[in-house]
Amino acid sequence: MISPLNFLTEEFTKATTEAYPELLEQGTQPLIEIKPATQEHFGHYQCNSAMRLGKILKINPRQVAEAIASYFDKSPTPLIQNLEVAGPGFINITLAPQKVAELVETIIDDPRLGIPDAEKRQKVVIDFSSPNTAKEMHVGHLRSTIIGDAIARLFEFLGHDVLRLNHIGDWGTAFGMLIAYMKKEVPEVLKGNEQTDLSHLVNWYKAAKKQFDADPEFMKASQLEVVELQGGNPESIKAWNIICVISRQAYQEIYDLLDVKLTERGESFYNPYLADVITELEKKGLVTVSEGAKCIFLEGFKNREGAPLPLIIQKSDGGYNYATTDLAAIRNRIFDEKSNHLIYITDAGQCQHFKMIFQAAVKAGWLDLNRVQVEHVPFGLVLGSDGKKFKTRSGETEKLIDLIQNAIEKAKEIIREKNPQYSEEEINDIAKALGIGAIKYADLSTNRTGDYVFSYDKMLKFEGNTAAYLLYSYVRVNGIKRKVGKDIKEIQAHIQLDHPSEMALGVHLLQFNEALDAMARELLPNRLTDYLYGLAEKFHAFFRDCRVEGSEQQDSRLLLCEAVAQTMRAGLELLGVHTVDRM
Ligand code: ARG
């Protein structure tokens, strides 16, 4: 099913070029732009392009609008009920209930809900979550995980080949320090003879750092350990592996709880390629040595004093860094993974880093922007209710797993209070869906480019644009179906959209495609949350205005409810929010 927006754009373009064939020579900008109507009484969509076209044609825009509209008198299309030229040259478009109803019916029982597969199948690499070994995952990584998972789910749904990569910070000089410390203080752990968890690692890491700064002996031992590790000494590698396993367990617990799938490919994966990356860049004449460090100077990057800011790719001590690894990674993703769409999801603090990496990759001849799309998807900070950077009461950043468990606990209280008759098992299941859904939805529904205020109370509210409201709406739609107790598959009737609330709901259902398009184009999950919130609101208006059970239009309305339920469920799933049947 083609979306009304795309269909109207095509039809209006035809109408325009028929009326004014000379416009065909007008550059590359699309001739026609169609938008959803700004106000309901203007109809469903509007076209404001006559104003721009009038200027090009040197004809009164109103006349242009009339000419476009008159095309549809000659060649009417069943989707358009009425066109109205208004003001200086707006065209207001009202859709035909009959055709809208017909299209809504095609959604039902189509697992793709009428959404076509992407025209060009892309190999999309999405780099997200990406915490650091021997450190706690923090709320920034949580945002990356939630946003990345939603974007990955969308691209998968659209039929692309998606590789979800976890670019874990599992390599670097700091591990020499940690291994040296553990060898000294907890040798049994490094031998794999003693169980431990991430919180111990984090403490040892902190202690190691202190010793490193205070004790020259220890500093030397650490540096030696780095050399051993980078040289591939089996004993050092074994110790490093143990550290990775402990960290991995902690992350995996979070991914399992959130139901997020990732392929781990940490920084260490690229270690064997780093030297070659430098050599290749040197051969291409891109490397300048500055104060002993190997640098790439790129256009448009200045430091605070206004001097050119280089991208350092090898430190003066010979060590490689975050940027070297990202250069190796982008080369790998383009040439080995054969990706033509690269997406990186991190906090906005890394914008400059990625701009530099992308530019360097272009200069190196690896990244052809005509063939490969690259996008850094930045997001803002997580704030506490006090508007300050998110922290727990003790001042320590709260552990992620506790944060998620807390949301589930709070959801449990709410569900138990609402439904004291539910079994403990049922309460647990619903609370898990609600608690996790609430955390994800709260994040996804805020425009990611801004900061986001983390508040259990707000995210678990049953009113407003929240997971709780949407999950509840979904339960309500299904409740109606259950109450009537009719098998949807047995229904012979067709959908009729007689009441304005029914028509508004029907048109909104057809716009699911448009919401997904917008989210894929802008990589903004809030395009989809806004859509779903709108769907729930329109459903509630319909339910307020139109009786379902026992009414003359009962069967038609049941079908409409079914289309709503399926769309809500599919939309929430794309956000990683799982629905429940009762609440
Ligand atoms: N580990 C990094 C951090 O915690 C994020 C890595 C993002 N991905 C990348 N390819 N640089 O900030």
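Quick caveat: nothing in here was measured; it's all calculated off a predicted structure. Both ligands and their constituent atoms are indexed starting at 1 by order of listing. All values below come from the heavy atoms of this structure, side chains included, with hydrogens, waters and symmetry mates left out.
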Should you measure from each heavy atom of Thr346, which atoms of ligand 1 turn up under 4.0 Å away?
-> 7 (C)
Interatomic distance, CD@Gln352 vs CD1@Ile357, rounded to 0.5 Å, equals 11.0 Å
Enumerate the atoms of ligand 1 whose separation from the nearest heavy atom of His141 is less than 4.0 angstrom.
-> 3 (C), 4 (O)
Which atoms of ligand 1 are found less than 4.0 Å from any heavy atom of Gln350?
-> 3 (C), 12 (O)
Does Asn132, backbone or side chain, put an N or O under 3.5 Å from an N or O of ligand 1?
-> yes
What part of Thr325 sits under 4.0 Å from ligand 1 if we count only heavy atoms: the side chain, the backbone, both or neither?
-> neither
Salt-bridge criterion met for Asp276 and Arg331 (N-O under 4.0 Å) = yes
Nearest non-hydrogen contact to atom 5 (C) of ligand 1 from the set Tyr322, Phe354, Tyr344 belongs to Tyr322
Salt bridge between Arg153 and Asp259, side-chain N to carboxylate O under 4.0 Å?
-> yes
From CD (Glu282) to CD1 (Ile296), nearest 0.5 Å = 10.0 Å
Answer yes when Glu280 and Lys283 have at least one side-chain N-carboxylate O distance shorter than 4.0 Å, and no when they do not.
-> no
What are the atoms of ligand 1, with element, lying closer than 4.0 Å to any heavy atom of Asp127?
-> 7 (C), 8 (N), 9 (C), 10 (N)
Short side-chain donor-acceptor distance under 3.5 Å, His341 and Glu375 = yes
Honestly, for Asp326 the part within reach of ligand 1 (heavy atoms, under 4.0 Å) is side chain
